[in-house]
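Every chain is numbered from 1 and lettered A, B, ... according to where its sequence line falls, protein lines coming before strand lines.
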Amino acid sequence: MKISALIFGYNDYASHIAKNVAHKYNNILIFKLDSDAPRKELDSFNIERFDLSDDWSDLKNNYDMENSIAFCVLEDNAQNIFLTISLRAAFKKLNIIALSKNKESANKLSMAGANKVIPLVQATASIITNILEKPIVTEVLHNILYEKSDLKVAQIEIKNHRCFLKDNGDGIYPSEIEWNKKYGILVLSVMHVDGNSEFIFSSKAKHHLIANGDIFVVIGYEADIKKFEKLVGGTL
Amino acid sequence: MIKRLVLDVAFFLNTSKKYQTKKRFFYNFLENDNYKYKKYFDMFMIMLVVISVIILISEVKFHINEYFLYFNNYIISILFLIEYLLRLWLSSSVSEIIIKQNEHNTMLGKEFNLFASFLDIVKIKLKYISSARAIIDLLAIVPFFHQLRLLRIFVLFRVFKLFRYARSFQTFSSVLATKKFEFLTLLMFSSIVIFVSSVLIYVMEANNPNSPIDTLYEAVYWSIVTISTVGYGDITPTTDAGRLVAMFVIIAGIAVLAFTTSLVVSAFTEKLDEIKETKMIDDLKKLEQFYIICGYENIAREVAIELSKNNKLIVLDEDVGRIEKAQKDGFTALNYDPGSVDSYRKLNIDMSIQVKAILCLRESDVENVYTALTVRSFNKEIYILSLLMHETNRNKLSFMGVNEILYSKELVGLITKEFVGQPVAFEVIHALRSEYASVNIQEIIITQKILTNYITIEQLHTSEYRLLLLGVYKKIDQSFYFDPNDSTLLEEGDYLLIIGNSIFITEFEKHLHKKIKR
């Protein structure tokens, strides 16, 4: 049973998604409706036909649907929502990422069971605003996100909180540690066992002693992050 | 000889920088509504008019100090005379008329005709003198020449002068001027009704000893009072025939009143959009910096909402429906075609100084390329950002000199790559970008003022403000330095990238700009 990236939609979005997830998924399948016209740029991918009334038995039998990922990027909003519902109904644990072209369909796609909705209009607008208002921030974050710099953002779970204890054995607050000087990283936020994520300098995080099970979101160079991971227990 | 002298003087004045600068100076004060000091001149003139009227009113029942009368009759009148002469001078250029006449004659192989030039000048100046505004200006000077009581009524022309200085009056009269024909028809109709009814009532009532109408003057007075629906009741017809005429005039009066009201209302309704547009363009001139968003579709709308939180912006779109939507959303939106140079000319703004960037956000590559081409045709420097809908058109936008191209389909690919590869980084950075939970990432530029107090990173004390210094973007090598050393030197033009609560970031910025007493 193969782990695959299943892209529903035979269009430019599918082409860009396929190119960008190729490093992670060896098996990429693009599904086209009968009404879709042929496109040369998608010829290099595995193309399969599908129908919105499919019962998905082929997928069930041939792919590891619990670990695969599905992208719903059909041009028609109603069809995209219907497809998301039908995939969710058939595969409870499938990771579904859906593209929404407006606010209304974003809500509907979430209700239909998509794990992640990409709001096209909002995402584009937000990038435009950031380019205009914070060009430096946008460039730096873009480089971090799209691996154009050595900087990484990671989520690290504390499994060995003892390494943070004071000499007298007392616990320590995250804001008391000079993370950059000691470990070469910056801690952005702390997620407590209760699931709430707090910015490192927020009053809540300031009054919470580091404990096992806390999850730190850190930013730093890959080597420093790995060293830190080793020290505290592991990454997620 | 005289001809030569006149021509020399005309050419000299036309090319003299000093003379033209002076003329422009007076033009700005008197006629140029866009000149920022004109309003002070207008206010001064309005003040003079008000003083004049107050003195006239006070003089009716009270004794007025001689100085006030002197001020009213001489000083104010002289000021008005100077203004009148300046306006007459500015109304047309004499030197230009002479030069044109000379060029015309030279072209036809004739000798310069001084008399024809003189006639042209007189004609053009007379045209100005006979305009309603100029007549009012001239009559407003009159009290200077006459001390006769009856002629003091001329001071009222000074009140009319207010029309010249208050723009709302000008708008009002220009709106009414659009219905000139209708008002003329109404005037004709009322005049005929008044004339006919005056004659009729005079014929019916004048011979009746009980009737208060004895003269034609009284008959006309009664007709006007009745047709205007005022009806004082001091003069009333007593005969049956007279009352019949009264009924006719009353009905005609209702018609005249209704017609007048509807004319004024319809004139304003028709001109309302134009008035609003003029007001919007006037307000634009006052804005220091703003964005121009071309098009108002889905993405443009979201961008406008985001940008308007901290910026001023205007929306241009040739589609009426979209412009109405933008106006409903509370934006300054004009129904101008972003692909037309004329649209930008009409805005009457300094593009290089006032406009931060032009955003071509139509969801059509053809429209965006066309808009970019239009903007580049008159401004090579301005920052242009454009949406791209199809990859094949990217080179066209680049060719047009668009500074930043945003291809949303590529963006979807990048988002999915990040989400699949580094979901944590994606969520965290997305949260920082969207100011989620009030934690924000901000860039702060290092200015000369900041450098007078802070030279190194250590001196900034970011942690005291509960902020994380992500790094410094050095201007010198245009590179980002993550978590720089405490001893790193700051330089003018560098950017600090700070993460933290928005309120603390604001406090920190204030702290940076505060003067430290040493």
CG of B/D494 to CD1 of A/I136, rounded to nearest 0.5 Å, is 9.5 Å
Shortest non-hydrogen contact from B/N440 toward A/K134 | OD1-NZ, 3.0 Å
Working to the nearest 0.5 Å, report the span between CD1 of B/I441 and CG of A/L141.
-> 4.5 Å
Quick one: which residues of residues 480-490 of chain B reach chain A at under 4.5 angstrom, heavy atoms only?
-> B/F480, B/F482, B/D483, B/D486
Does atom CD of B/E288 have more than 12 heavy-atom neighbours from other groups under 6.0 Å away?
-> no
Heavy atoms from other residues, nucleotides or ligands near CG of A/D150 exceed 12 (cutoff 6.0 Å) = no
Side chain / backbone / both / neither for A/L132 at chain B, heavy atoms under 4.5 Å | both
Taking the side chain as C-beta and beyond, is there a heavy-atom pair between B/E443 and A/P135 under 4.5 Å?
-> yes
Smallest separation among heavy atoms of B/I299 and A/I128, with atom names | CG2-CD1, 4.1 Å
Identify which of A/V21, A/N180, A/N11 forms the greatest number of heavy-atom pairs closer than 4.5 Å to chain B.
-> A/N180
Of the listed residues (B/E302, B/K409, B/H390), which shares the most heavy-atom pairs with chain A below a 4.5 Å separation?
-> B/K409
Other residues, nucleotides, ligands: >12 heavy atoms within 6.0 Å of B/K312 NZ = no
Is a side-chain donor-acceptor pair under 3.5 Å present for B/N311 with A/E133?
-> yes
Residues that A/K103 engages under side chain to side chain donor-acceptor pair (under 3.5 Å), provided they are two or more places apart = none
Distance-minimising heavy-atom pair for B/E306 and A/T129 | CB-OG1, 3.4 Å
Distance, nearest 0.5 Å, that separates CG of A/N102 from CZ of B/R301 | 11.0 Å
Of B/V420, B/L414, B/V412, B/I415, which meets side-chain contact (heavy atoms from CB on, under 4.5 Å) against A/I17?
-> B/V412
What part of B/E297 gets closer than 4.5 Å to chain A, counting heavy atoms only: side chain, backbone, both or neither?
-> neither
Most heavy-atom pairs under 4.5 angstrom with chain A, which of B/A304, B/A300, B/A357, B/S408?
-> B/S408
Pair count under 4.5 Å, heavy atoms only, with chain A: among B/L470, B/L469, B/L361, highest is B/L470
